[in-house]
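Worksheet: the structure to be examined is printed underneath.
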Amino acid sequence: MPRISTKTIHEAYKINPFLPLLLPECRTISQAKLELKWINQEFAKTAPDHYTLQKNIKKACIQRFHHIPLQYILKSQPFGSLNIKCQPCVLIPRWETEEWVMDLIQSIKNGKQSLESKNQISIVDLCTGSGCIALLLKRELSKILNSNLNVKAVDCSDSAIDLVNRNKLESSEDPIDIEVLKFDILQSNNIDSILSNQKIDILTCNPPYIPKSDFQRDVTKSVKLFEPKLALIGDKEFYSNLLEKWIPHINSFVYEVGNIDQVKFVKDYISNDNTLNKIWTVGSKYDSNKQCRVVYGYVNSPNSSSYDISKIFSNFGTVIHPSK
Amino acid sequence: MMVFRVNPFIPRLFQVSRLTARRFQSTLDASLVQLKELHPSLLQKAESYCDELDKLKKDMFDGNAFDVEQQKKYARFSTIADAFHEYKSQLDDYKGLNEMIKSDPALKDEASQELEQLIPLLNRSSSVLLDKLLPPHEFADKPCIIELRPGVGGIEAMIFAQDLLNMYIGYATSKKWKHEIISRNENESGSGIVDAILSINEPGAYDRMRLEVGVHRVQRVPATETKGRTHTSTAAVVVLPQLGNGSEREAEAYERTFKPDEIRIDVMRARGKGGQHVNTTDSAVRLTHFPSGIVISMQDERSQHKNKAKAFAILKSKLAEIERLEKEEKERSARKEQVSTTDRSDKIRTYNYPQNRITDHRCGLTLYALNEVITGERLDEVMDVVKAHDTDERSQRLLNEQPN
Ligand SMILES: C[S@@+](CC[C@H](N)C(=O)[O-])C[C@H]1O[C@@H](n2cnc3c(N)ncnc32)[C@H](O)[C@@H]1O
């Protein structure tokens with residue numbers, strides 16, 4: 001990334017002496033000013049007096065200069081209608097995730113009649129981290145679905161489990177009722193504790209998807225230095241895990257991806273399998289930044305059935321299997 | 001000091017402008033002060049509203065249930081009737097006093113004194129009645145958003161746009177109206193703003209602010225000017241109705257009313273692979289509406305989702321205003337109307353700092369109190385006169401429509 005010019009630094013200093021501290025992460029003066037405003041707003045809520053407020057703001061700006069993520073400093077990140085608490089050792093929710101989750105909610109809203117013949121809908125969110133996906137789905141969908149909605153959130157990290165439990169209570173005005181399970185999805189062969197006796201309707205997951213070989217080159221400094229590697233580094237293993245372990249137990253899945261190879265991997269696996277390729281439809285979805293962001297799939301339902309999961313995906317993305 | 005300068009020799013309250021002269025009939029001797037008596041056809045209109053009110057009252061008395069439309073009518077007619085009765089009773093007093101003056105010279109002094117006190121009151125109630133008689137503005141009861149942009153004049157224009165923003169904030173504060181800056185982009189290389197949107201969340205604020213629309217002009221000596229020359233610059237003000245509660249849920253529903261090829265949403269300055277690779281705090285959103293060419297950028301919130309909701313709320317306001325203006329334009333051409341109406345590109349007001357003067361070009365008002373108007377404290381005084389002028393124009397239109 002290009003160096004910030006002395007002129008810009010000087011200009012920033014004239015506006016506010018703290019502003020240059022924000023430039024390395026923000027890059028532009030206008031973004032730095034916005035961050036300073038947000039920092040100010042957040043600390044003004046709790047500071048007992050002006051002096052403490054200024055001290056806290058200064059401290060925050062210095063932390064920012066050392067590339068500490070803003071969300072760890074302000075301890076939260078908005079996610080849809082939620083305000084997700086953030087803490088070190090747990091990944092900060094990204095806007096790309098927020099975007100597809102909001103789209104998914106919208107799609108489900110549009111196709112909800114096809115689910116309502118079932119009186120219990122079950123959603124499982126793997127690699128839940130802060131719990132953002134599971135919590136937002138539960139909160140928004142329980143407003144629109146008539147069926148009971150059971151949401152489970154799974155992660156292997158203690159810090160994540162602690163944080164989800166906090167977010168159940170603190171991310172929204174009312175507590176959000178989801179089940180939180182500590183579980184290593186790659187190690188354990190026994191997924192029964194997550195499954196109830198019925199199939200999972202929607203399996204969501206934002207797995208660590210940055211291949212180790214790309215990590216140094218593609219990841220920005222702040223992420224590299226401060227966000228947990230456990231949440232970031234991974235590749236095909238989580239998608240294999242989906243295809244090998246979960247597929248028999250689910251009616252649909254929505255997985256975030258970091259690159260198009262991961263989409264291809266899932267698609268090829270299904271289209272090359274003589275049983276799966278007849279039962280499953282696979283699609284992909286791009287984000288507003290024109291990056292490949294999601295691979296999803298659902299079972300084709302028999303014509304007679306009133307339960308039809310495909311309806312909730314009708315406008316969600318682009319179908320890539322079966323090919324037309 | 002405050003001076004009205006429509007005509008320096010006559011105190012303004014007793015003045016009749018060219019327009020008002022057409023609308024009002026003078027019933028007085030030239031020696032007496034002028035009175036704004038309403039045109040008979042307007043009074044007829046008021047009478048007919050009172051009759052309708054009586055009918056509604058009777059219906060209510062008979063136990064018929066009212067629908068929303070009837071309730072609205074009832075509320076409107078009642079306020080008209082109240083204003084009408086007030087006006088009529090004052091007018092009776094006024095006529096009585098005049099009789100007295102004519103018939104009994106002994107009472108002349110006393111009666112004239114009373115008359116002098118009565119006339120301003122009467123003129124006021126006549127304005128109130130007139131305002132009530134006019135068909136209410138489509139968005140009259142709505143809260144509003146005010147958009148400010150510098151015009152010609154470089155940095156001076158940006159500083160002036162900031163001054164106007166402060167003026168409206170000061171005004172809203174003095175009225176104890178809830179308000180909030182929805183977005184504000186500062187000039188990066190100095191003072192002033194590139195644009196700003198202020199929302200005033202008070203029902204009816206639209207009606208109060210709508211006449212602020214247009215180009216405002218400033219004349220002052222810039223801080224950097226060494227030769228002491230006065231510069232002229234401008235800023236544009238747009239006032240839009242606020243049509244919803246601005247919630248994200250509402251914005252989502254609204255978003256779905258557009259076809260996918262009508263709108264585009266861009267996230268700004270996105271770089272690299274995104275997702276887990278970066279953790280950007282840049283939540284800016286740009287919304288483009290192709291049919292109208294409207295582009296709205298929003299970045300003030302940490303949440304991209306909220307920025308998007310705000311952008312859609314503003315789009316909604318803009319499209320509603322466009323639609324209203326088109327409708328107005330159509331009606332006007334249907335009437336083949338000659339009355340010139342203010343255009344968004346017209347200069348409506350001048351703020352002259354060296355003279356501490358403010359002049360509104362639409363109504364000809366000049367006030368030497370710029371430093372108190374620009375804080376918002378005394379903006380009401382200007383707005384009242386502009387409003388009276390607007391009421392005049394609208395009533396003129398109403399009269400033209402009446403066959404008489
Ligand atoms: C990219 S983060 C996603 C967090 C959150 N869902 C989000 O979208 O912001 C991946 C999460 O997967 C968890 N994780 C990594 N390996 C796992 C495993 N084998 N079993 C379960 N969770 C795992 C990490 O602890 C981390 O919280």
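A, B, ... follow the sequence lines: proteins, then strands. Residue 1 opens every chain. Because the structure is predicted, anything quoted here is derived from the model rather than measured.
Interface remark: I210(A) contributes backbone and side-chain atoms alike to the contact with chain B (heavy atom separation under 4.5 Å). Contacts between A12(A) and chain B at a heavy-atom distance below 4.5 Å are absent for every atom of the residue. Interface remark: K7(A) contributes no atoms to any contact with chain B (heavy atom separation under 4.5 Å). Only the side chain of E252(B) comes within contact range of chain A, with heavy atoms under 4.5 Å apart. In this structure, no portion of R264(B) lies under 4.5 Å from any heavy atom of chain A. For a residue to count as touching a neighbouring chain, one of its non-hydrogen atoms must lie under 4.5 Å from one of that chain's; by this rule Y209(A) touches chain B with backbone and side chain alike. Proximity to chain A (any heavy atom under 4.5 Å) is shown, for D300(B), by both the backbone and the side chain.
Atom OH of Y13(A) has 12 or fewer heavy atoms from other residues, nucleotides or ligands within 6.0 Å. For K109(A), the NZ atom counts as densely surrounded, since its 6.0 Å shell holds more than 12 non-hydrogen atoms of other residues, nucleotides or ligands. Other residues, nucleotides and ligands contribute over 12 non-hydrogen atoms within 6.0 Å of the CZ atom of F226(A). In the displayed structure, D261(A) atom CG is contacted under 6.0 Å by more than 12 heavy atoms of other residues, nucleotides or ligands. Residue K37(A) places its NZ atom among more than 12 non-hydrogen atoms of other residues, nucleotides or ligands, all under 6.0 Å distant. More than 12 heavy atoms of other residues, nucleotides or ligands lie within 6.0 Å of CD in E262(B), so this atom counts as buried by the packing criterion.
Across L91(A), N206(A), I15(A), N83(A), the residue that shares the most heavy-atom pairs under 4.5 angstrom with chain B is N206(A). Highest contact tally toward chain B, considering only K33(A), K221(A), E11(A), E256(A), is held by K33(A) [criterion: heavy-atom pairs under 4.5 Å]. For chain B, the option among Q41(A), K224(A), Q106(A) with the highest count of heavy-atom pairs below 4.5 Å is Q106(A). No other option in I92(A), V219(A), D218(A) has as many heavy-atom pairs under 4.5 Å with chain B as D218(A).
For the atom pair OG (S303(B)) and CZ (F79(A)), the distance works out to 10.5 Å, reported to the nearest 0.5 Å. We find the CD-NZ distance between E99(A) and K308(B) to be 6.5 Å, quoted to the nearest 0.5 Å. In this structure, CD in E25(A) is found 8.0 Å from OG1 in T281(B), a value given to the nearest 0.5 Å. Here the CG-OG distance, from N187(B) to S30(A), works out to 11.5 Å after rounding to the nearest 0.5 Å. Put simply, OG on S283(B) and CD on Q31(A) are 6.5 Å apart, with the number rounded to the nearest 0.5 Å. Considering CD of Q291(A) and NE2 of H277(B), their distance stands at 9.0 Å, rounded to 0.5 Å.
Using a 4.5 Å heavy-atom threshold, the side chains of R302(B) and S76(A) count as touching. Proximity of Q71(A) to N279(B): side-chain heavy atoms (C-beta onward) are separated by under 4.5 Å at one or more points. Residues V223(A) and Q276(B) have side chains not in contact (no heavy-atom distance under 4.5 Å, counting atoms from C-beta outward). Here the side chains of D214(A) and K273(B) are in contact, with some heavy-atom distance below 4.5 Å.
Closest approach of Q299(B) to W38(A), counting heavy atoms only: O-CZ2, 3.8 Å.
At least one donor-acceptor pair closer than 3.5 Å links the side chain of E96(A) to the backbone N or O of G275(B). Formation of a donor-acceptor pair under 3.5 Å by the R94(A) side chain with backbone atoms of G274(B) is not found in this model.
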**Report entry** Working for salt bridge (Lys or Arg N to Asp or Glu O under 4.0 Å), residues D282(B) and R27(A)
**Finding:** CA-CA 10 Å; D282(B) 184 347; R27(A) 312 306 300 174; over 6 Å; no
Identify all side-chain donor-acceptor contacts of residues 137-145 of chain A below 3.5 Å with residues at least two apart in sequence or on another chain.
| residue | atom | partner | partner atom | Å |
| --- | --- | --- | --- | --- |
| K138(A) | NZ | L149(A) | O | 2.8 |
| R139(A) | NE | S81(A) | OG | 3.4 |
| R139(A) | NH1 | S172(A) | OG | 2.8 |
| E140(A) | OE1 | R249(B) | NH2 | 2.9 |
| E140(A) | OE2 | S81(A) | OG | 2.6 |
| S142(A) | OG | K138(A) | O | 2.6 |
| S142(A) | OG | R139(A) | O | 3.4 |

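Each salt bridge (Lys or Arg N to Asp or Glu O under 4.0 Å) pair with one or both residues in residues 154-176 of chain B, not counting sequence neighbours, appears once here: E156(B)-R220(B), D163(B)-R220(B), K175(B)-D380(B).
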